[in-house]
Amino acid sequence: MTPDPDIQSQFYDGIPSKRFLAWIVDMIIIIGICLLVLPFTAFTGLFFFPFLMLVFGFAYRVVTLANGSATWGMRLMGMEIRQSDDSPLDLGQAFLHTLGYSISFAMAPLQLISVVLMLTSARKQGLNDMVLGTVPMNRRR
């Protein structure tokens, strides 16, 4: 079971801001990956760069979440995403979490609901976290 936010609040301290900073780091990494791939598309990737970012960003998130329950940005911020039984994400959960993130990011109302939930819920869960039963938390030392 994940830590109780009333008894062990230190696991949830600063999570919304850490998630935002991790997102910025991850976007920089994804842009960098796409810029590295661009010459291999004979620079035609410029015409579909947003799609390129979507594909590589999705793959990046799934792979990093499946291998350590955190993207590189999350690791840098000292946080991770755990399942409700406190186990790390497996490949299936990482895929579903990334899919939920992508859907909510594509639809402004869902993204707004997710942000409000991250700021107000006890475990700082976004919409897709609540649906999947995943919990963002500070990494154990």
Determine whether [X] and [Y] make a side-chain contact, defined as any pair of heavy atoms from C-beta on separated by less than 4.5 Å.
| X | Y | answer |
| --- | --- | --- |
| Phe11 | Arg140 | yes |
| Gln83 | Gln93 | yes |
| Ser84 | Met1 | no |
| Met137 | Thr2 | yes |

So how far is it from [X] [atom1] to [Y] [atom2], rounded to the nearest 0.5 Å?
| X | Y | atom1 | atom2 | answer |
| --- | --- | --- | --- | --- |
| Thr41 | Leu46 | OG1 | CG | 7.0 Å |
| Leu65 | Leu96 | CG | CG | 11.5 Å |
| Ile33 | Ile28 | CD1 | CD1 | 12.5 Å |
| Ile29 | Cys34 | CD1 | SG | 12.0 Å |
| Ile30 | Leu35 | CD1 | CG | 12.0 Å |
| Gln111 | Asn128 | CD | CG | 9.0 Å |

Show the nearest heavy-atom pair for residues [X] and [Y], with the distance to one decimal.
| X | Y | answer |
| --- | --- | --- |
| Leu91 | Val62 | CD1-CG1, 3.8 Å |
| Arg75 | Gly68 | NH2-CA, 3.6 Å |
| Asp13 | Asn138 | O-ND2, 3.0 Å |
| Ala122 | Pro5 | O-CB, 3.5 Å |
| Gly78 | Lys18 | O-NZ, 4.4 Å |

Legend entry - Residues Arg19 and Asp129 bridged, charged N to O under 4.0 Å: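 Judged by the 4.0 Å cut-off on N to carboxylate O distance, Arg19 and Asp129 do form a salt bridge.
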Legend entry - Gln125/Leu117 under side-chain contact (heavy atoms from CB on, under 4.5 Å): CA gap, chis, key distance, verdict: CA-CA 6 Å; Gln125 295 167 291; Leu117 288 171; over 6 Å; no
I'd like to know if the side chain of [X] and the backbone of [Y] have a donor-acceptor N/O pair within less than 3.5 Å.
| X | Y | answer |
| --- | --- | --- |
| Ser114 | Leu110 | no |
| Ser69 | Leu89 | yes |
| Tyr12 | Pro136 | no |

Please output the side-chain donor-acceptor pairs of residues 48-60 that fall under 3.5 Å, not counting sequence neighbours, one pair per line with the distance.
residue : atom : partner : partner atom : Å
Tyr60   : OH   : Asp26   : OD1          : 2.6
Tyr60   : OH   : Trp72   : N            : 3.2

Does [X] share a hydrophobic cluster with [Y], counting links as ILVMFWY side-chain heavy atoms below 4.5 Å and allowing steps through other members?
| X | Y | value |
| --- | --- | --- |
| Met79 | Tyr101 | yes |
| Trp23 | Val115 | no |
| Met118 | Ile103 | no |
| Leu76 | Phe20 | yes |
| Phe43 | Ile31 | yes |

Inset, instruction - Output all residues satisfying salt bridge (Lys or Arg N to Asp or Glu O under 4.0 Å) with Arg82, sequence neighbours left out; order by chain, then residue number. - result: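 Partners of Arg82 by the salt bridge (Lys or Arg N to Asp or Glu O under 4.0 Å) criterion, ordered by chain and then number, come out as Glu80, Asp86.
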Legend entry - Set of residues satisfying side chain to side chain contact (heavy atoms under 4.5 Å, CB included) with respect to Phe40, sequence neighbours excluded: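 Partners of Phe40 under the side chain to side chain contact (heavy atoms under 4.5 Å, CB included) test: none.
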Inset, instruction - Carefully, step by step, assess Val135 and Ile81 under the rule side-chain contact (heavy atoms from CB on, under 4.5 Å). - result: CA-CA 5 Å; Val135 180; Ile81 297 177; over 6 Å; no
